[in-house]
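Only one structure is covered here, and it is reproduced in the block below.
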Amino acid sequence: MGGRGAVVLIEEGHIALIKRIRDGSMYYVFPGGGILAHETPEAAAKREAFEELGVQVEIERLFTKIDYQGIQYFFMARRIGGIFGTGLGEEYTDPKRQRGTYEPVWVRLEELQTIQVKPMEVAGELQRLSEEN
């Protein structure tokens with residue numbers, strides 16, 4: 001697997017995540033996906049935010065990056081358009097994928113420590129950041 005671009009979208013004390021149920025497990029991931037050959041990590045994060053959440057975002061800065069099956073980039077982002085929950089990426093539209101369910105949700109920042117978020121390192125860093133503010 002190559003790199004991945006993802007957004008960290010926080011509004012009014014809530015963070016946008018994708019709730020996944022797969023093979024009997026429930027967990028949450030940051031909206032994002034693979035970086036296409038012609039894309040920068042930032043462009044991939046913006047495209048994935050639209051496909052998965054239905055929103056247009058402006059990338060503010062790189063929040064963190066981790067090395068897991070390729071470099072994964074997590075960008076702080078700000079919504080500039082769209083309607084949350086209207087994403088039409090293949091996760092939602094391709095019935096043959098059989099990779100479990102995807103549901104865009106808002107989660108209170110304080111709840112990050114009580115739910116399973118992947119990757120845990122990024123959720124932990126966000127938790128520390130919210131405790132400092």
Hydrophobic clustering (ILVMFWY, side-chain heavy atoms < 4.5 Å, transitive) - are Val107 and Ile21 grouped together?
yes

Is there a chain of hydrophobic side chains (I, L, V, M, F, W, Y, each step under 4.5 Å between heavy atoms) that links Met120 to Ile71?
no

Using 0.5 Å steps for rounding, measure from the [atom1] atom of [X] to the [atom2] atom of [Y].
{"X": "Lys19", "Y": "Ile115", "atom1": "NZ", "atom2": "CD1", "result": "9.5 Å"}
{"X": "Met76", "Y": "Leu126", "atom1": "CE", "atom2": "CG", "result": "6.5 Å"}
{"X": "Glu60", "Y": "Phe75", "atom1": "CD", "atom2": "CZ", "result": "12.5 Å"}
{"X": "Leu109", "Y": "Ile15", "atom1": "CG", "atom2": "CD1", "result": "6.0 Å"}
{"X": "Leu88", "Y": "Glu51", "atom1": "CG", "atom2": "CD", "result": "9.5 Å"}

Please identify which of these residues, Val8, Leu112, Val29, meets the side chain to side chain contact (heavy atoms under 4.5 Å, CB included) condition with Leu17.
Leu112

Applying salt bridge (charged side-chain N to carboxylate O under 4.0 Å, His left out), which residue pairs with at least one partner in residues 5-16 are found, sequence neighbours left out?
Glu11-Arg79

List in chain and number order the residues that pass salt bridge (Lys or Arg N to Asp or Glu O under 4.0 Å) with Glu121, two or more places apart in sequence or in another chain; answer none if no residue qualifies.
none

side-chain contact (heavy atoms from CB on, under 4.5 Å) partners for [X], two or more places apart:
{"X": "Glu39", "result": "Ile35, Leu36, Ala43, Ala44, Arg47"}
{"X": "Ala16", "result": "Leu9, Leu53, Phe84, Trp106"}
{"X": "Glu125", "result": "Phe63, Arg128"}

Identify the two heavy atoms, one from [X] and one from [Y], that lie closest to each other, and give their separation to 0.1 Å.
{"X": "Arg22", "Y": "Arg20", "answer": "CD-NH2, 3.5 Å"}
{"X": "Gln127", "Y": "Glu110", "answer": "OE1-O, 4.2 Å"}
{"X": "Ile83", "Y": "Val55", "answer": "C-CG1, 3.9 Å"}
{"X": "Val7", "Y": "Ala45", "answer": "CG1-O, 3.6 Å"}
{"X": "Gln116", "Y": "Met26", "answer": "OE1-O, 3.6 Å"}

Using modelled atom types and a 3.5 Å cut-off, is there a donor and acceptor pairing between side-chain atoms of Arg4 and backbone atoms of Gly70?
no

State whether the side chain of Gln56 and the backbone N or O of Ile80 hold a donor-acceptor pair below 3.5 Å, judged by distance alone.
no

Residues pairing under ring-ring contact (aromatic ring centres under 6.0 Å, His included) where one sits in residues 24-48, two or more places apart or in two chains, turn out to be Phe30-Phe74

Are the side chains of Ile18 and Glu52 in touch, meaning some heavy atoms are under 4.5 Å apart?
yes

